[in-house]
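One structure is given here, and the rest of the page talks about it.
Counting starts at 1 for both ligands and their atoms, following the listed order.
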Amino acid sequence: MANSASGESMIERVVRVLDTFGADRTVQTASDIGRRAGLPSATAHRLVDELVRAGMLERDEEHRVRLGLRLWELALRGSTALRLRQAALPHMEAVQAELREHTQLAVLERDEALFLERLSHPDAVSNITRVAGRLPLHASSSGLVLLAHADPALRERVLAGPLGAVGPGTITDARALRRALTEIRRTGEVVARGSIEAVSTGVAVPIRDAGEVVAALSVVLPREVDPQPALTQLQAAARAIEAELRRTRP
Ligand code: PHB
């Protein structure tokens, strides 16, 4: 692989280009990309041109680029995320129809909760989650489920902080968080009041595949709503999703 003068491989530079795209930064010029990726302008323009030709990036009329549909297609093909989403979707729809609140599916990805799916309802409470968006493990209900069952090294890394406050109810004290994680493993559920936003409560349960927690299923409720009916629904859905995962195990 041809390396740049800095010793960086072509793949590392391409990854740096793709990494400049974020949930809030979906369209950029090649110059912006170069600046954010720390690449010389000529290099950035050349890489962007090549990625556009390959369909990994798409260019609009104003010559700005976004992530390409081809990248989405390749990423989903045969992915474990897609298998999980497909197993979960009918059961998420049932939960959502019953509760008429946001229903979400998240997995652990590099020390954060990454959301694979979100079903909403027009009358549901405010919700900051987005599909392909991320939330901190210690702050979101899904993240807390995933953190409680993560390998100990990851758990210690998160517990070492910083544990930033996202909402007024976010657990920012490491000892309190450690206690909460023990309790989550014991009860198999999370009720996170005001952890992301003052107005809402996140409730979440784990989903297991081959004995390992692979995802969290959650609902965002208005703060004043009793979480118990949602937890009952979520636990039933989680069992059904686990049965579907057993049935479709590759
Ligand atoms: C949660 O998972 O706890 C959560 C997520 C998004 C919100 C509120 C709560 O807007």
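Screening residues 213-228 for side chain to side chain donor-acceptor pair (under 3.5 Å) gives Gln104-Ser218, Ser142-Ser218 as the qualifying pairs, with residues at least two apart or on separate chains.
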N/O donor to acceptor pairs below 3.5 angstrom from side-chain atoms of residues 75-82, sequence neighbours left out:
residue: Arg77; atom: NH2; partner: Glu73; partner atom: OE2; Å: 2.5
residue: Ser79; atom: OG; partner: Leu76; partner atom: O; Å: 3.3
residue: Ser79; atom: OG; partner: Leu82; partner atom: N; Å: 3.0

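Two residues are said to be in side-chain contact when any heavy atoms from C-beta on lie closer than 4.5 Å; Leu137 and Leu108 meet this criterion.
Linking ILVMFWY residues whenever their side-chain heavy atoms come closer than 4.5 Å, directly or via other members, places Val214 and Val205 in the same cluster.
To the nearest 0.5 angstrom, Arg35 atom CZ is 10.0 Å from Thr20 atom OG1.
In this structure Glu244 satisfies the side chain to side chain donor-acceptor pair (under 3.5 Å) test together with Arg247, sequence neighbours excluded.
Enumerated by chain and number, the residues approaching ligand 1 to less than 4.0 Å through a heavy atom are Ser126, Asn127, Ile128, Thr129, Leu135, Ser140, Ser141, Ser142, Ile196, Glu197, Ser200, Gly202, Val220.
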